[in-house]
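Lettering follows sequence order; numbering is per chain, from 1.
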Amino acid sequence: MAQKQYWLIKSEASCYSISDLKKDKETAWTGIRNYQARNFMDSMNVGDLCLFYHSNGTDVHPSGVYGIAKVSKKAHADATQFDSKDEHYDKKASKEKPIWRCVDVAFVKEFLKPISLGDIKREQRLETIEVRKPGSRLSVQPVSEAHFKIIEGLSN
DNA sequence: GCCAACGTTGGC
DNA sequence: GCCAACGTTGGC
């Protein structure tokens, strides 16, 4: 068993939120159409923990980490790339030659107190975290164990 | 809604 | 293989 890794996965709350995952218990993390993000998903292992980040927030619902999910299945072909009616359809992909993959993630917990991007920027120990970098658009990104634990700690 | 940052595409 | 144009993301 490989050592546990930590990640941050982004979703717009209006698209798929932590409460959706709480309700579903488990979901396929489909729709990732970025090679770097895909490659990170390829290196995920079952049991890895993910910070669940809501992007494109509002004043009422700020961008930030809203909870934790756990990888429950290693990367497999993302079914939405074959579906011409899906918004993530990719005509260059075929069942014989899939381009995009996704992992399955399971609900772990929803933070009682979400950690907003503002909170993250105020925390000196998180100075080097990817999500703080200007123009950080990567929707799946690695997070160090230390940073993961700090954010988890802040929510208590 | 604006705009900066970034990835992708396509002409050359 | 370069690079300008374009589309998308995401904070504000």
Close side-chain approach of A:Ser63 and A:Tyr53, heavy atoms under 4.5 Å: yes
Contact interval (first through last nucleotide) of DNA chain B with protein chain A, 4.0 Å heavy-atom: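 With heavy atoms of chain A under 4.0 Å away, the range is B:dA5 to B:dT9.
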Check against salt bridge (Lys or Arg N to Asp or Glu O under 4.0 Å), A:Glu152 and A:Lys149: CA-CA 5 Å; A:Glu152 190 180 20; A:Lys149 299 248 156 93; over 6 Å; no
Does [X] reach a base, just sugar-phosphate, or nothing at all? Heavy atoms under 4.0 Å.
X: A:Glu12; answer: nothing
X: A:Leu117; answer: sugar-phosphate
X: A:Lys133; answer: nothing

Pair A:His61 + A:Tyr66: ring centers closer than 6.0 Å: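 Close enough - the centres of the two rings lie under 6.0 Å apart.
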Proximity of A:Trp29 and A:Phe52 rings by center, below 6.0 Å: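 Yes.
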Would [X] and [Y] count as having a side-chain donor-acceptor pair, cut-off 3.5 Å?
X: A:Asp78; Y: A:His88; value: no
X: A:Glu26; Y: A:Ser72; value: yes
X: A:Arg33; Y: A:Thr80; value: yes

With A:Asp90 via side-chain hydrogen bond (donor to acceptor under 3.5 Å, both in side chains) - residues at least two apart: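 Checked A:Asp90 against side-chain hydrogen bond (donor to acceptor under 3.5 Å, both in side chains); matches are A:Trp100.
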Residues in contact with DNA chain B, drawn from residues 82-105 of chain A - heavy-atom cutoff 4.0 Å: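 A:Lys92 - these, ordered by number, are the residues of the stretch whose heavy atoms sit under 4.0 Å from the strand.
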